[in-house]
2 protein chains.
Amino acid sequence: MSKSPDRCVPSTADGLACCVPLAREPITVEQAAGAASMLKAVADPARLRLLSLVLSHEGGEACVCDLLPYFDLSQPTISHHLKVLHDAGLLHRKKRGTWVYYIARPEAMHALGSLFAAAAAPTLAGAGA
Amino acid sequence: MSKSPDRCVPSTADGLACCVPLAREPITVEQAAGAASMLKAVADPARLRLLSLVLSHEGGEACVCDLLPYFDLSQPTISHHLKVLHDAGLLHRKKRGTWVYYIARPEAMHALGSLFAAAAAPTLAGAGA
DNA sequence: CCACGACATCGACCGATGTCGATATTGCTC
DNA sequence: GAGCAATATCGACATCGGTCGATGTCGTGG
């Protein structure tokens, strides 16, 4: 019954839990660890705003110098946050001359969104049991 | 065109950022703080698994004694994690006799899902600018 | 080649957080 | 009411994580 594979291959090769909805069935310890590492990256006001700024910036990309004016934080701190987002697979780095541009990775955004997508519908569990 | 108010009233009265997508435009400092507090709650493997277990449990609800066997953690620790999820507005508490049942709040699940929903689509920013 | 500007790395500090054992609270049962 | 079972609270401990200043690296331009 719970045989709908969606259109999602479990590309855990990237370290991304592609489609692992929280509902329907309990996630495994490994899935929880992977998803939590991604969520930890965005569970910070500064990083959340950085991600949002990159996403909404012209062309979907932004360099550090574009982002700095939005914060009261030091440049090393911003750089650190960007590194956290990059290490979590949420941001892609592209070097252009002296500047480093960051671009959000749609796969990661999709992975995060799909986590809670199925959970938003009310009374979903127990219907099949 | 960027005038679509969706069907979402900003019910920040709950402390929930109802529909605050990351993309399209930069989120405010307050929105980031609110969303981050919710994300912090789920940015932990144990709590993520707890949420998933509650969601997929029969009837969409589970008491602490149902959840305990799934973990190697002590009962106070599980209780603590459930409190964190409850304080973040992700779980609802219902007392029935000696047992306390936890139920996931669909509004909160929707709020988390909508954060990344719009960000999953590629090349969304810069199109309107 | 040298100076400068953009960004990353390092080391240190300190508050936040996950974990435990012990204990308190609440409700059921006999 | 006494005892027990389910859950929450408390205090302590160790580790994690965000922040900074100082410094290193790399590319550009004079």
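Keep in mind that this is a model prediction, so the values were computed, not measured. Protein chains get the first letters and strands the later ones, always in sequence-line order, with residue 1 at the start of each.
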>> I need the full list of side chain to side chain donor-acceptor pair (under 3.5 Å) pairs touching residues 65-81 of chain A, with sequence neighbours left out, sorted by first then second residue.
In response: A/Arg47-A/His81, A/Ser74-A/Thr77
>> Checking A/Ile27 now: which residues fulfil side-chain contact (heavy atoms from CB on, under 4.5 Å) with it, not counting sequence neighbours?
In response: A/Val20, A/Leu22, A/Gln31, A/Ala32, B/Leu48, B/Arg49, B/Ser52
>> Rounding to an integer number of Å, can you tell me how far A/Leu91 CG sits from C/dC7 C1'?
In response: 15 Å
>> Can you tell me which residue among B/Leu112, B/Leu39, B/Asp44 is in a side chain to side chain contact (heavy atoms under 4.5 Å, CB included) with A/Leu39?
In response: B/Leu39
> Once you round to the nearest 0.5 Å, how far does CD1 of A/Ile78 lie from CG of A/Leu73?
Replying inline: 4.5 Å
Give each protein N/O atom lying under 3.5 Å from an N/O atom of nucleotides 2-4 of chain C, with the pair distance.
none

> Is the distance from OP1 or OP2 of D/dA8 to the nearest side-chain N or O of B/Tyr102 less than 4.0 Å?
Replying inline: yes
> Where the side chain of A/Asp44 is concerned, which of C/dC7, D/dT7, D/dG18 is the nearest nucleotide?
Replying inline: D/dG18
>> Under 4.5 Å between side-chain heavy atoms, counting indirect links through other Ile/Leu/Val/Met/Phe/Trp/Tyr residues: same cluster for B/Leu51 and B/Ile103 or not?
In response: no
Pairs of donor and acceptor atoms involving the side chains of residues 88-98 of chain A, under 3.5 Å and at least two apart or interchain, shall be tabulated with distances.
from: A/Arg96; atom 1: NH1; to: A/Glu61; atom 2: OE2; distance (Å): 3.4
from: A/Arg96; atom 1: NH2; to: A/Glu61; atom 2: OE2; distance (Å): 2.9

> Is any side-chain N or O of B/Tyr101 closer than 4.0 Å to OP1 or OP2 of D/dA6?
Replying inline: no
> Is there a residue in residues 75-84 of chain A whose heavy atoms reach under 4.0 Å of DNA chain D, and which residues are they?
Replying inline: A/Pro76, A/Thr77, A/His80, A/His81
>> What is the separation between atom CG on B/Leu68 and atom P on D/dA5, rounded to the nearest whole Å?
In response: 15 Å
> When the nearest nucleotide of DNA chain D is assigned to A/Ser74 and to A/Lys40 on a heavy-atom basis, which residue is associated with the more 5' position?
Replying inline: A/Lys40
>> Counting C-beta onward and ignoring hydrogens, is there a side-chain heavy-atom pair between A/Met109 and A/Leu55 closer than 4.5 Å?
In response: yes
> What salt bridge (Lys or Arg N to Asp or Glu O under 4.0 Å) pairs are there with at least one residue in residues 74-85 of chain B, not counting sequence neighbours?
Replying inline: B/Lys83-B/Asp87
> To which residues is B/Val29 joined in a hydrophobic cluster, defined by side-chain heavy-atom contacts under 4.5 Å among Ile, Leu, Val, Met, Phe, Trp and Tyr, whether direct or through other members?
Replying inline: none
> Between A/Leu48 (CG) and D/dG17 (P), how many Å, whole number?
Replying inline: 17 Å
>> Could you tell me if the side chain of B/Leu50 sits less than 4.5 Å from the side chain of B/Phe71, heavy atoms only?
In response: yes
>> Suppose we screen for side chain to side chain donor-acceptor pair (under 3.5 Å). Which residues come up paired with B/Glu25, at least two apart in sequence or across chains?
In response: none
> Quick one: does B/Cys63's side chain get under 4.5 Å of B/Val100's, heavy atoms only?
Replying inline: no
>> Rounded to whole Å, please give me the gap between CG in A/Asp66 and C1' in C/dC7.
In response: 13 Å
>> I'd like to check B/Leu115 versus A/Phe116 (side-chain heavy atoms, cut-off strictly below 4.5 Å). Are they in contact?
In response: no
>> Base contacts versus sugar-phosphate-only contacts with protein, heavy atoms under 4.0 Å: please encode nucleotides 24-30 of chain D as B, S and - from 5' to 3'.
In response: ---SS--
> B/Trp99 CH2 to C/dT26 C1': how many Å, rounded?
Replying inline: 13 Å
> So what is the end-to-end bend of the helix from C/dC1-D/dG30 to C/dC30-D/dG1, with 5 pairs used at each end and the value given to 10 degrees?
Replying inline: 20°
> So which residues get pulled into A/Trp99's cluster when ILVMFWY side chains under 4.5 Å apart are joined, directly or through others?
Replying inline: A/Tyr101
> Does a nitrogen or oxygen in the side chain of B/Arg96 sit under 4.0 Å from OP1 or OP2 of D/dA6?
Replying inline: no
> Could you give the CG-to-P distance, from B/Leu73 to D/dT7, as a whole number of Å?
Replying inline: 16 Å
